[in-house]
Amino acid sequence: MVKEVMSQINRSAAHIITTILANKRVGQYHQMVFGIGDLVKSCRPGNFVAINVGGDSSRMILRRAFAISRVSESASFGGTMELIVAPHGLGSKWLCSQIEGAEVDIVLPLGTAFGIPTSPVNALLVGGGYGSAPLFGLAEVLKARGCKVDMLLGASTSAKIYAPMEGKRSVNSLKIYTEDGTMGELGRVTEPIKVLIENKAIDVIYSCGPMGMLRAISELTTDTDVVHQCAVEEAMACGIGICMTCVLPVKGEDGQISMLRSCIDGPVMDGSQVQWHLVGQVPEVH
Amino acid sequence: MVKEVMSQINRSAAHIITTILANKRVGQYHQMVFGIGDLVKSCRPGNFVAINVGGDSSRMILRRAFAISRVSESASFGGTMELIVAPHGLGSKWLCSQIEGAEVDIVLPLGTAFGIPTSPVNALLVGGGYGSAPLFGLAEVLKARGCKVDMLLGASTSAKIYAPMEGKRSVNSLKIYTEDGTMGELGRVTEPIKVLIENKAIDVIYSCGPMGMLRAISELTTDTDVVHQCAVEEAMACGIGICMTCVLPVKGEDGQISMLRSCIDGPVMDGSQVQWHLVGQVPEVH
Amino acid sequence: MSEFDFSTTLGNAFFNTPIFTASGCASSGKELAQFFPLRDIGAVVTKSVMNKPRYGRPTPRMAETPSGMLNSIGLQGPGIEAFLANDIPWLVEQNSRIIISIAGETIEEYATLARKVRSVAGISAIEVNISCPNVENRGLVFACDPDASRRVIDGVRRTIGGELPIIAKLSPDVTNLPDIAKGVVESGADALALINTVLGMVINIETMRPHLGGNTGGLSGPAIRPVAVRAIYQVHAVMPEIPILGMGGVSSGRDALELIFAGASGVSVGTASFGNPHAAVDIQRELRDLLIAKGFPSLKSAVGYAHREADL
Amino acid sequence: MSEFDFSTTLGNAFFNTPIFTASGCASSGKELAQFFPLRDIGAVVTKSVMNKPRYGRPTPRMAETPSGMLNSIGLQGPGIEAFLANDIPWLVEQNSRIIISIAGETIEEYATLARKVRSVAGISAIEVNISCPNVENRGLVFACDPDASRRVIDGVRRTIGGELPIIAKLSPDVTNLPDIAKGVVESGADALALINTVLGMVINIETMRPHLGGNTGGLSGPAIRPVAVRAIYQVHAVMPEIPILGMGGVSSGRDALELIFAGASGVSVGTASFGNPHAAVDIQRELRDLLIAKGFPSLKSAVGYAHREADL
Ligand SMILES: Cc1cc2nc3c(=O)[nH]c(=O)nc-3n(C[C@H](O)[C@H](O)[C@H](O)COP(=O)(O)OP(=O)(O)OC[C@H]3O[C@@H](n4cnc5c(N)ncnc54)[C@H](O)[C@@H]3O)c2cc1C
Ligand SMILES: Cc1cc2nc3c(=O)[nH]c(=O)nc-3n(C[C@H](O)[C@H](O)[C@H](O)COP(=O)(O)OP(=O)(O)OC[C@H]3O[C@@H](n4cnc5c(N)ncnc54)[C@H](O)[C@@H]3O)c2cc1C
Ligand SMILES: Cc1cc2nc3c(=O)[nH]c(=O)nc-3n(C[C@H](O)[C@H](O)[C@H](O)COP(=O)(O)O)c2cc1C
Ligand SMILES: Cc1cc2nc3c(=O)[nH]c(=O)nc-3n(C[C@H](O)[C@H](O)[C@H](O)COP(=O)(O)O)c2cc1C
Ligand code: FES
Ligand code: FES
């Protein structure tokens, strides 16, 4: 039952005040590190966090969601968490403007995680823009399980490609596509995927990025044996399952379509079950 | 005509972005210095400023008013202005939390100034709490005109007395009263005033502080020859005369009571004309 | 101050503490239980449930606005049968006090819902959300039509009988709120819930169209608190004996106190829980501390305090 | 892009640019003129003036609220005679376009005011603020009573004759705004001003009483923008040919554009001027830049753009 799964999902969610340990510009993004102590143990690749923005007198009343890029434990700082933040509107710009030592109110970890295969498989990780953030942490886990890990990253332009040096060590191959050709190949990440699927070179695709990209990958994997786990991005008011704003039409095992909350039944969902053609619509009532 | 006076008053008002040059805690207050360049030339003792608070994403949409404590010109910083800010609610606390180098949006100088006598007189300056802030700058001007300047400062407790070292140089005498006796005499500033008036020791009282204090002084000066110029403090939405929220009942030369705007027909008003008993009421219509 | 009495009543329902969740802002309770035990607050008011399962409105379903948000969820839900079978037993197990909110498209549907809820064990009250379009009358919202409002409550009252208190939840989007309030009280409401969201709209500057899938949405959050305070004050002034469950933009104990002084006997926390999952318990603690600091011996002694005569 | 046409019309009145002050938020204009030349904006809408001088409501007259404020000024003013003698000639001298706002306590008073305004030279339009208590009908606000609204406008129309455009300013605090709007248009309004403030209240936690001298006040500022957008959209949908002067929480060019897409032909800036004395000129510049960047050849081509068919 969906409800039961949910009540498992956020069971380790905590509401804490963290300190910013680092804030560095990387291309068009900010790489931000937060001290989160023992909570690193509960964070899985795919989980996200919800951050209070704007300070005490903010007119922004809702949290902002960011995917956990990776967590680590260090002797000096204890458990730390890294986010890759694009300065988009008022809230994310406020976050990017916070300096080292500033305190930030965060609820974490939230939502579903990428499913990790129990036996070694050939995995393709596809990231669009800051969507690559959680993929490097995922790659490490997959490598540790003996998987072959290939990665494709795409963005409109080079400054929107996030691909840290050390991240490249955990993948077997990394290919970059930009729509303006300013980095890697000219074009979109979806183009090579078709070939890889036809060649039966991959068993599972993990994707994170704009909804259009996720939809395109889902269409490529339809009627194939390739599993597609995608991390969706819907506007969220609460991030914890209480408001019903973040829903997506998803087909269940019984063939019934439900409007599932992407914050607790996602962000990681089975791409083949999401009814992409119904997003932004309401299913017909039979 | 009142209207004509008004259009004179704010004629040098400017809307500028200033930089905080210093922010120092002094008792319960913050002594803050701003770079305002040539505008120092237009600032008179009694004028106030209106400050934008809370930053870009603030839910506070109205400016906060603060009396100009003093202005000066220095070789290194150019024209500077000092404010004495009590951290009261969200807005003033935000201001107090701003650090050196931060930029602040200010409209200044606003409102009426203390009238300066053309010949030397005996002046008594009475300040309550942060109300002492503009009095030291006023004292300097009066001294330069050859006046005898005595000062009485009062507050509930010592931490709320603002009396800077260098300020004391510009007065002939300074007496402090606190209601809890933690500094100076135990009691209220109004007590000694009665005696000074009876002894005909003073010609004019300049006052700034809580409305209750201003009212009490006005009552003491009624039917005496002592002129009472007080800087009132009414809640202001705009500070520039366009909203009509800050009104006080004031009797004009013709005996008619009008609801005058304390932001442009004040903050400095003739205490004998303010209808203190009608504050918070509406005059009867005849 | 251990003798401070924080309890409240709505009709014949008793609650240990006066802070509740707001309908639609706590789903069915389970999700919030990750953050605090539900029995720590006055009651969980569940998301308005309809007779049949519903998909709700298309996305986008929300837009943040200055100090507020718009939502157009459209009452997505599992329908009353599945709701009573799956969600209520779990809440009862938690020892949570429960108020079930119902919503219908016809006067008949409200009565049907009331009949199904009537015999459920462990329910403290039923909240009747009448801010729904009346399909039998050109989609005119029940709560905006004095006559339809009365008939809904009348139907629910007849079905329920005398046991379960009925809380009628009203919309502020009316010319004469006290009038509507009097009507539903005459028809049998024991208490009133004030206020539902204010009708609003945001246009997306990029698409140059209404941002929400449903075009208009309900405005909630601190932006509307002055409207909630006014509504509660107005209604309490004309019917001081009718308990009010107040809501609208409460995100601190100070805010809750404002609604209580205006006339609310209990306060629901809605949108604030989106920004702070602990909002309800935090607010409850702050409210208690404030009341004690101001010297009130009980919550009840503060209800409607802003209406007292000037010379008291 | 020098050919961009930024002009607008309300009835037969033409304005070079579409940003106006809002009544009561620019006094009589003089005070703002310290900050920018009044002729740089579309028009100055003066503070609603009544027949006799008025003291207005007792202080406190304002309370800041989240992203908004409450005011209860109570139409303090010099009365129409002094206003026409002292304030108007100065505005005319500035080459400012002028819209005079009038307010009355009786239907007769509105007609009297209209008669006095009719023959004044240099006036572009008359705004009729009907959000005032009707002393002849238990203090019920004219704008909340469809019949009284119509009769006020009818009286003004008869007095004014055909020359001066009449802008009827409506309150959002009604159950059915399009209905009220249709009524006043039928009675002779050439344009509508939407919206006046939303009725609200703040209770002072220290005094434990209503904070404002007048108890309730009008809520304005960004908090109410979604209500303004909704009101304008709803009314434009039923009467696309009637020009709307939009207002409510506009503090940037982006906000003004939202109201224009919803259906406003011009936009008044109210509360924003309190926080930023240059608000009106800043907003006007930002709006112009946005319209040009989006490729609109004129302001008029953007009015009501959010209503277009999905496939256009
Ligand atoms: C599960 C999830 C993971 C995300 N991970 C990342 C990440 O790792 N890095 C990153 O930079 N961004 C990420 N985002 C997007 C990020 O949440 C938005 O960029 C951010 O909320 C924008 O807020 P704002 O105030 O800057 O923009 P505004 O446009 O001013 O925000 C207005 C409102 O719209 C919502 N909103 C705006 N854009 C988005 C969006 N793209 N997705 C969801 N809600 C949006 C905001 O939350 C807010 O409620 C993620 C979003 C989700 C849902
Ligand atoms: C002419 C004038 C000169 C002033 N000079 C000084 C000064 O030199 N130093 C200083 O510390 N303070 C001064 N004040 C008071 C200062 O403006 C308030 O303390 C400040 O506005 C409080 O804002 P807040 O957000 O911190 O408090 P909040 O209580 O959160 O403010 C809420 C609203 O109430 C208004 N308000 C609250 N308290 C006051 C008050 N005492 N007077 C007027 N409006 C108020 C605010 O402006 C705001 O609109 C002066 C006020 C006026 C009118
Ligand atoms: C996302 C969302 C969903 C809501 N759903 C319901 C609902 O199902 N039934 C109902 O009576 N009210 C519903 N409301 C209204 C709230 O219960 C409450 O009356 C309103 O939001 C004002 O309170 P707030 O400002 O604390 O949120 C909903 C509000 C929001 C924000
Ligand atoms: C202090 C104040 C005084 C106002 N006085 C009037 C008035 O005299 N006549 C009128 O029609 N509207 C008056 N209004 C309403 C405004 O004109 C405007 O309709 C409303 O404030 C919404 O716009 P805003 O959010 O931009 O302020 C007043 C508003 C404020 C804040
Ligand atoms: S964001 Fe609230 S339910 Fe998903
Ligand atoms: S504060 Fe607006 S008129 Fe004085």
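Below, chain A is the first sequence line, B the second, and so on; all start at residue 1.
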Highest number of heavy-atom pairs under 4.5 Å with chain B: which of D:Gly68, D:Ala272, D:Gly74?
D:Gly68
Between D:Lys52, D:Lys47, D:Met69, which residue shows the highest count of heavy-atom pairs closer than 4.5 Å to chain B?
D:Met69
Under 6.0 Å from the [atom1] atom of [X], do we count more than 12 heavy atoms belonging to anything else shown?
X        : atom1 : result
B:Ile99  : CD1   : no
B:Arg188 : CZ    : no
B:Glu179 : CD    : yes
B:Asp56  : CG    : no
B:Asp180 : CG    : yes

Nearest heavy-atom pair of [X] and [Y]: which atoms, and what distance?
X        : Y        : value
D:Pro222 : B:Ile61  : CD-CG2, 4.1 Å
B:Gly280 : D:Pro58  : O-CB, 3.3 Å
B:Cys243 : D:Phe274 : CB-CZ, 3.4 Å

Could you tell me if the side chain of [Y] sits less than 4.5 Å from the side chain of [X], heavy atoms only?
X        : Y        : result
D:Glu31  : B:Ile240 : no
B:Arg63  : D:Pro277 : yes
D:Ser273 : B:Ile242 : yes
D:Tyr55  : B:Ile257 : yes
D:Ser27  : B:Arg261 : yes

Spacing of [X] atom [atom1] and [Y] atom [atom2] [to the nearest 0.5 Å]:
X        : Y        : atom1 : atom2 : result
B:Leu278 : D:Thr59  : CG    : OG1   : 10.5 Å
B:Ile264 : D:Gln34  : CD1   : CD    : 9.0 Å
B:Thr245 : D:Met62  : OG1   : CE    : 5.0 Å
B:Leu62  : D:Asn276 : CG    : CG    : 12.5 Å

Please check if the side chain of D:Gln76 supplies one atom and the backbone of B:Met244 the other of a donor-acceptor pair under 3.5 Å.
no
Does a side-chain N-to-carboxylate-O contact under 4.0 Å join B:Arg64 and D:Glu64?
yes
Go through the atoms of [X] and report whether side chain, backbone, both or neither lie under 4.5 Å from a heavy atom of chain B.
X       : result
D:Arg57 : backbone
D:Ser72 : neither
D:Pro60 : neither

Given that the side chain runs from C-beta out, which part of B:Val107 has a heavy atom under 4.5 Å from chain D: side chain, backbone, both or neither?
side chain
